Amino acid sequence: MTRTIMHIDVNSAFLSWTAVHMLQHGSSIDLRNIPSIIGGNQATRHGIVLAKSIPAKGFKIQTGEPVFQAKQKCPNLVVMPPDYFLYMQCSSALSEILQNYSDKIQLFSIDECFLDYTGIEKILGEPIKVANQIREQIRKELGFTVNIGISTNKLLAKMAGDLKKPDMTHTIYPEEISAKMWPLPVEDLYMVGRATAPKLKGMGIHTIGDLANTDIELLKYKFKSWGLMLHAYANGIDESPVHPGSGHTVIKGIGNSTTVYFDVIDKQTAYKVLLSLVETVSMRLRFSGFCCSVVAVSLKTDELISSSHQKKLMTPIDCTNAVFKEVKSLFDEMWRGQPIRQMGIRVSDLYTKDYIQLSFFEENWDKQRRLDKTIDEIRIKYGSNAVIRSSFLWSGLSPLEGGVVDEFPVMSSIL
DNA sequence: TCTGGGGTCCTAGGACCC
DNA sequence: TCTGGGGTCCTAGGACCC
């Protein structure tokens with residue numbers, strides 16, 4: 001059966017949302033009309049560009065580049081800090097509007113979703129007309145603009161939505177692929193990133209059309225399964241369904257990482273940072289109702305060299321102290337004394353709790369679990385800083401690092 | 001104070017088993 | 001005595017997305 005899929009994407013999401021918020025609070029300038037960015041704090045070494053206005057784009061400023069570099073490109077650049085709470089509110093407001101048009105909506109990220117419009121034509125009308133209606137409703141009621149892409153699958157809808165911005169509706173139906181998608185540079189294809197694009201170009205593949213018409217066996221030989229996926233995408237082939245709800249499927253792992261505002265050079269400080277990460281990750285793990293059987297630690301040195309170590313456990317765990325114990329031993333195993341810029345921890349291989357209950361007596365974690373439960377409850381009731389470890393007092397470090405709520409799981413490589 | 005933070009998936013190599 | 005070969009699990013690293 002032929003499907004009708006829409007992809008809805010907020011134009012310069014973080015920047016637009018901050019701009020609208022400022023206008024609503026009496027600002028006379030609209031960030032969207034001047035060279036501006038949403039940028040992290042340079043003083044705490046979080047200074048990268050998170051979103052840019054269209055005028056800023058004119059200065060060749062790119063998302064992900066250092067803020068200082070963006071300022072060099074445009075000395076009058078206006079830099080605003082991110083406000084994730086506002087962004088979550090805006091995102092929720094958006095999805096509330098979309099609920100009126102279909103009950104099959106997949107929140108793909110905080111500012112993107114897919115909407116399955118299949119069969120709804122008969123009730124609400126022709127897709128392009130309705131997409132324009134949706135855009136208008138969002139603009140009127142929420143004050144920001146979106147692009148909407150329409151096609152017969154998610155990949156083509158997403159590619160369509162990326163065509164020309166802002167505030168536009170586009171289609172790339174299968175019969176339009178050769179005219180609308182194939183002339184685009186190959187790096188515009190979803191899943192062709194910084195590493196793949198140069199390799200393709202080295203093979204003489206410069207456009208999506210070139211890729212679509214490259215011998216599949218050659219792509220398979222060079223890129224393995226990745227090559228098959230790229231070939232399918234270049235030809236507009238994608239059968240993945242719109243998964244209702246947030247993200248894609250069930251959660252596979254939970255992680256937190258942080259760039260410390262100074263280089264960590266001693267073990268005691270490193271342990272404190274790791275503990276603050278473990279506190280939030282293990283709390284999220286408990287809230288999710290899972291135990292993990294893989295714990296991983298990752299480090300990035302002052303020279304930006306990354307490494308990671310992980311460990312598979314015989315017994316799945318969810319206690320703060322149990323996770324921390326593994327994290328410390330992984331850290332000890334890998335750290336050779338280099339100054340550390342960034343630290344991260346991640347738990348995966350998740351199992352539901354009832355399945356592993358018995359084995360807990362092994363390590364006598366039972367008492368720990370009751371303690372965790374009590375602390376979790378106090379933090380929910382009185383705020384996350386109601387209970388903190390005394391070791392964080394006067395340390396200059398945050399006792400809980402990273403977000404507790406994972407509202408918006410990100411997409412996987414398989415749409 | 002120049003380069004964030006949250007994810008998923010794939011691959012290669014080694015260990016180990018039959 | 002010449003070293004095969006399939007399968008699984010684990011780990012580290014790399015690719016991609018927003």
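Computed from a predicted model, the values in this text were never measured in an experiment. Below, read A as the first sequence line, B as the second, and so on, with proteins coming before strands; counting in each chain starts at 1.
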Could you please name the option among dT8(B), dG5(B), dC10(B) that lies closest to any side-chain atom of Lys252(A)?
dT8(B)
Which residue lies more 5' along DNA chain B, comparing Gly253(A) with Gln69(A) via nearest heavy atoms
Gln69(A)
Output the single nucleotide from dT3(B), dG13(C), dA15(C) whose closest atom is nearest the side chain of Pro66(A).
dT3(B)
Pairing donors with acceptors under 3.5 angstrom, does anything connect the side chains of Thr152(A) and Thr2(A)?
no
In whole angstroms, how far is the P atom of dG6(B) from the CD1 atom of Ile254(A)?
12 Å
Taking the side chain of Met191(A) as its heavy atoms from C-beta onward, which of dG5(B), dC10(C), dC16(C) lies nearest to it?
dC16(C)
Could you check Leu218(A) against Met203(A) for side chain to side chain contact (heavy atoms under 4.5 Å, CB included), going step by step and ending with a plain yes or no?
CA-CA 10 Å; Leu218(A) 177 64; Met203(A) 296 166 66; 3.9 Å; yes
Ala195(A) near the nucleic acid: base, sugar-phosphate alone, or nothing, with a heavy-atom cut-off under 4.0 Å?
sugar-phosphate
From dT11(C), dT3(B), dC16(C), pick the nucleotide closest to the side chain of Trp226(A)?
dC16(C)
When you compare dG4(C) with dC16(B), how far apart are their C1' atoms, in angstrom units rounded to a whole number?
16 Å
Side-chain contact check for Leu50(A): nearest option of dG13(C), dG4(B), dA12(B) is dG4(B)
Shortest side-chain distance from Asn256(A), nucleotide among dG6(B), dT3(B), dA12(B):
dG6(B)
Would you indicate, yes or no, if dC10(C) has its OP1 or OP2 atom less than 4.0 angstrom from a side-chain nitrogen or oxygen of Gln310(A)?
no
Interface residues of residues 259-269 of chain A with DNA chain B (non-hydrogen, below 4.0 angstrom):
Thr259(A), Tyr261(A)
Taking O4'-C1'-N9-C4 for purines and O4'-C1'-N1-C2 for pyrimidines, is dC2(C) syn (within 90° of 0) or anti?
anti
Distance check: side-chain N/O of Ser308(A) vs OP1/OP2 of dT11(C), anything under 4.0 Å?
no
Expressed in angstrom and rounded to an integer, what is the separation of Tyr190(A) atom OH from dC9(B) atom C1'?
11 Å
With Thr301(A), which of Gln342(A), Gln338(A), Arg336(A) fulfils side chain to side chain contact (heavy atoms under 4.5 Å, CB included)?
Gln338(A)
Please examine the side chains of Asp111(A) and Asp9(A), heavy atoms only from C-beta on, and report whether any two atoms are closer than 4.5 Å.
yes
When you measure from the side-chain N and O atoms of Lys224(A) to the phosphate of dA12(B), is any distance below 4.0 Å, counting only OP1 and OP2?
yes
Proximity to the side chain of Ser257(A) - top-ranked nucleotide from dT8(B), dG5(B), dC10(C)
dG5(B)
Classify the nucleic acid contact of Gly40(A) as base, sugar-phosphate or nothing, counting any heavy atom under 4.0 Å across all strands shown.
nothing
Test the Lys328(A)-Tyr271(A) pair against the cation-pi criterion, namely NZ or CZ under 6.0 angstrom from the six-membered ring centroid and within 45° of the ring axis.
yes
Integer-rounded Å distance: dC18(C) P and Ile48(A) CD1:
14 Å
Please enumerate all residues that pass salt bridge (Lys or Arg N to Asp or Glu O under 4.0 Å) together with Lys224(A), with sequence neighbours excluded.
none
Using whole Å, report how far OH of Tyr84(A) lies from P of dG4(B).
12 Å
Looking at every strand, decide which applies to Thr44(A) at a 4.0 Å heavy-atom threshold: base, sugar-phosphate, or nothing.
nothing
Let's see if you can work this out: which of dC18(C), dA12(C), dG4(B) has an atom nearest to the side-chain heavy atoms of Lys158(A)?
dC18(C)
Verdict with supporting geometry, Lys311(A) and Glu333(A), salt bridge (charged side-chain N to carboxylate O under 4.0 Å, His left out):
CA-CA 11 Å; Lys311(A) 190 179 174 193; Glu333(A) 175 186 308; over 6 Å; no
Nearest whole Å is fine: how far is dC9(B) C1' from Arg346(A) CZ?
11 Å
Distance in angstrom units between Tyr233(A) OH and dC17(C) P, rounded:
11 Å
Kindly say if Arg341(A) contacts the phosphate of dC2(B), meaning a side-chain N or O under 4.0 Å from OP1 or OP2.
no
Distance, rounded to the nearest Å, where Lys154(A) contributes NZ and dC17(C) contributes P:
16 Å
Options dG5(B), dA12(C), dC16(C), nucleotide nearest the side-chain atoms of Gln342(A):
dG5(B)
With a 4.5 Å cut-off on side-chain heavy atoms, are Ile208(A) and Tyr233(A) touching?
no
So Lys71(A), base contact, sugar-phosphate only, or nothing? Heavy-atom distance under 4.0 Å.
nothing
Could you check Lys373(A), Lys353(A), Arg286(A) and say which one makes a salt bridge (Lys or Arg N to Asp or Glu O under 4.0 Å) with Asp318(A)?
Lys353(A)
His309(A) vs dT11(C): side-chain N/O to OP1/OP2 distance below 4.0 Å
no
Distance check: side-chain N/O of Arg194(A) vs OP1/OP2 of dG14(C), anything under 4.0 Å?
no
Could you check Val347(A) against Phe290(A) for side chain to side chain contact (heavy atoms under 4.5 Å, CB included), going step by step and ending with a plain yes or no?
CA-CA 10 Å; Val347(A) 297; Phe290(A) 289 109; over 6 Å; no
Strand DNA chain C as a dot-bracket string - pairs counted if Watson-Crick or G-U with both distances under 3.5 Å, | where the partner lies in another strand
....||||||||||||||
Looking at every non-hydrogen atom in both residues, tell me the closest pair between Ile251(A) and Leu350(A) and how far apart they are.
O-CD1, 3.9 Å
Mind checking whether Tyr117(A) and Tyr101(A) have ring centres under 6.0 Å apart?
no
How many whole angstroms separate atom CG of Leu228(A) from atom P of dC10(B)?
12 Å
Counting any heavy atom closer than 4.0 Å, what does Val192(A) reach on the DNA or RNA strands: base, sugar-phosphate only, or nothing?
sugar-phosphate
Which nucleotide in the list dG13(C), dC2(B), dC18(C) gets nearest to the side chain of Phe68(A)?
dC2(B)
Is the phosphate of dC16(C), meaning OP1 or OP2, less than 4.0 Å from a side-chain N or O of Thr196(A)?
yes
Less than 4.0 angstrom between a side-chain N/O of Thr258(A) and OP1 or OP2 of dG5(B), yes or no?
yes
